[in-house]
*Asks:* 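The following block contains the structure, expressed as structure tokens.
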Amino acid sequence: MMVDANQVVSILSQTMPAVLRWAGGVAKELRKHNISIQAKESGSSNTDALTLADLTVQELVVAALRDVDPILRECRIEAEESTGALELFATESPLTIALDPIDGTKQFRDHTGNGYSVMLHCRTEDKVIYSLVFIPETGPHGRWVEVRDSEVRVIDDDPHASARAEIDASQPIAKRDRPASKKIYMIGFIDKQSERVAAVTEAGLEGVDADDTPGSIYDLFGRGEFAGSLIHTPNIYDFPVSHQIAEAFGGRAVRVDTGKDVHYREKWLDERASMLRLPGIVACSDNEEVLATLCDTARDWSQERYET
């Protein structure tokens, strides 16, 4: 099946900012209520957090993808939850649209921070070609992160204008304008999380536990407040956005054990968490020295997410 990638990206970029703004508003309202759901038992509190907002927001976004243009149904869809008419999308396609309806569900549910986001991206097996993130409670009215054509835009939302117009009014972030940072976002090491964070700091960087991250990593990485990430078996719904940000600034995402660039041809189903993941530990940064340090530090760590 041939699908015009440029046409898909154009449609996503024109139609989905409004949808993610609506979805963010729904999430923000639902957050006022007790909407926690017990469903996942992976052993990671960040992974196992699930709320009615995840399910509701995904239903809304999937319905929009279904309805805005028939070409989007010619793409595969990968969604973190099971809600929505997922069966209406292609089972085989060179393009995949992936959704994370609430990234940062644990802090969303527990009210420990406001960095949760609604997000989607589009990719081939080798490259992420479009990313869109809306962070409803960062800034006065929310904040956008969009990555397209090797350009990263981060802009505070203004509900007086259309979502697309707000993003278009922003300027791409230039690599030279991003501050130097040593902060590394870290997640997925389960019972060894604090030990691994400390090891990255001892290596001369600054390991930051996902629970201690002051906002959305896509905003922070896009603006240069973080130098990148180190993630054990990252899921394929949210991590690819960081991957595209790194590449937009001339960086990469690599397996720490081999140093090889990350691709999306090899995935595995984490049945404990009910999600698809990349294998191994992945370092992501726009700085080759940072990548080298992360690989040197984590190369001999276990590549298995669950030891038992």
Side-chain angles (χ1 to χ4, degrees), residues 11-40 46-69 72-73 75 77-89 97-122 130-146 153-167 213 215-219 235 237-238 241 274-275:
I11 291 167
L12 290 173
S13 67
Q14 288 299 316
T15 62
M16 296 314 292
V19 174
L20 293 201
R21 184 192 264 177
W22 304 336
V26 170
K28 189 175 179 180
E29 180 61 31
L30 285 172
R31 197 183 192 203
K32 300 174 183 177
H33 309 281
N34 182 9
I35 54 174
S36 181
I37 298 173
Q38 293 297 119
K40 302 177 182 180
N46 284 289
T47 297
D48 293 343
L50 178 65
T51 72
L52 184 61
D54 294 85
L55 306 180
T56 303
V57 166
Q58 181 165 304
E59 177 76 36
L60 189 161
V61 176
V62 171
L65 291 169
R66 175 196 63 200
D67 292 345
V68 295
D69 194 290
L72 298 185
R73 297 199 297 272
C75 301
I77 192 164
E78 291 175 339
E80 186 165 347
E81 311 305 339
S82 58
T83 51
L86 303 176
E87 73 281 358
L88 297 180
F89 293 81
I97 299 170
L99 313 175
D100 192 340
I102 303 286
D103 181 65
T105 301
K106 183 173 181 289
Q107 65 170 252
F108 175 88
R109 180 197 66 191
D110 298 343
H111 295 267
T112 55
N114 292 328
Y116 71 92
S117 61
V118 183
M119 58 193 299
L120 63 79
H121 73 269
C122 183
Y130 181 70
S131 296
L132 182 67
V133 181
F134 184 57
I135 314 163
E137 295 192 56
T138 294
H141 304 289
R143 182 168 294 164
W144 293 104
V145 180
E146 185 184 59
R153 286 177 163 81
V154 180
I155 183 72
D156 281 349
D157 192 29
D158 181 350
H160 295 94
S162 75
R164 182 68 258 165
E166 281 303 301
I167 300 171
T213 303
S216 167
I217 183 56
Y218 316 104
D219 170 25
N235 73 62
Y237 315 103
D238 54 33
V241 175
S274 300
M275 60 175 60

*Asks:* Apply the side-chain contact (heavy atoms from CB on, under 4.5 Å) test between M119 and each candidate in D100, L132, I102; give the one that qualifies.
*Replies:* D100

*Asks:* Determine the interplanar angle of the Y116 and F108 rings, folded into 0 to 90°, and report it as parallel if under 30°, tilted if 30 to 60°, perpendicular if over 60°.
*Replies:* perpendicular

*Asks:* Mind listing the closest non-hydrogen atom pair of A85 and R66 along with its distance?
*Replies:* CB-NH1, 4.2 Å

*Asks:* Judged by atom type as modelled, is there a donor-acceptor pair below 3.5 Å linking the side chain of Q58 to the main-chain atoms of P101?
*Replies:* no

*Asks:* Is any side-chain heavy atom of M16 closer than 4.5 Å to a side-chain heavy atom of V19?
*Replies:*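 They are in contact (side-chain heavy atoms under 4.5 Å apart), so the answer is yes.
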
*Asks:* What distance do H141 atom NE2 and D156 atom CG have between them, rounded to the nearest 0.5 Å?
*Replies:*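 If I round to the nearest 0.5 Å, the distance is 9.0 Å.
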
*Asks:* Can you check whether I11 reaches L72 side chain to side chain, under 4.5 Å on heavy atoms?
*Replies:* yes

*Asks:* Within this structure, what is the CG-CG distance for the pair L20 and L99, rounded to the nearest 0.5 Å?
*Replies:*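 Spacing of CG (L20) from CG (L99) equals 9.0 Å.
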
*Asks:* If you measure only the distance, is there a donor-acceptor pair under 3.5 Å linking the side chains of E78 and Y237?
*Replies:* no

*Asks:* Taking T138 for its side chain and R143 for its backbone only, find out whether a donor-acceptor pair lies under 3.5 Å.
*Replies:* no

*Asks:* Using side-chain heavy atoms (C-beta onward) and a distance below 4.5 Å, is D54 in contact with T83?
*Replies:* no

*Asks:* Once you round to the nearest 0.5 Å, how far does OH of Y130 lie from CG of L120?
*Replies:* 7.0 Å

*Asks:* Could you report the tightest heavy-atom contact between S216 and S117, atom names first, then the distance?
*Replies:*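 So the minimum-distance heavy-atom pair works out to OG-OG, 4.5 Å.
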
*Asks:* Give the intermediate values and the outcome of side-chain contact (heavy atoms from CB on, under 4.5 Å) for residues T15 and D69.
*Replies:* CA-CA 9 Å; T15 62; D69 194 290; over 6 Å; no

*Asks:* Indicate the atoms forming the closest heavy-atom contact of V241 with H121, along with that distance.
*Replies:* CG2-CB, 4.2 Å

*Asks:* How long is the straight-line distance from CE of M275 back to CD of E80, given to the nearest 0.5 Å?
*Replies:*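 So the gap between those two atoms works out to 4.0 Å.
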
*Asks:* Which residue is it: V145, D157, V118? I am looking for the one with a side-chain contact (heavy atoms from CB on, under 4.5 Å) to I135.
*Replies:* V145

*Asks:* At their closest point, which heavy atom of A161 faces which heavy atom of E166, and how far apart are they?
*Replies:*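 Smallest heavy-atom distance, with atoms named: CB-OE2, 3.2 Å.
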
*Asks:* When rounded to the nearest 0.5 angstrom, what distance separates CZ in F89 from CG in L65?
*Replies:* 5.0 Å

*Asks:* Tell me the closest heavy-atom pair linking R21 and P159, and the distance in Å.
*Replies:* NH2-CA, 3.9 Å

*Asks:* Calculate, to the nearest 0.5 Å, the distance between atoms NE2 and CD belonging to H111 and E137 respectively.
*Replies:*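 Between atom NE2 of H111 and atom CD of E137 there are 8.5 Å.
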
*Asks:* Counting distance only, does the side-chain N/O of R164 pair as donor-acceptor with the main-chain N or O of A18 below 3.5 Å?
*Replies:* no

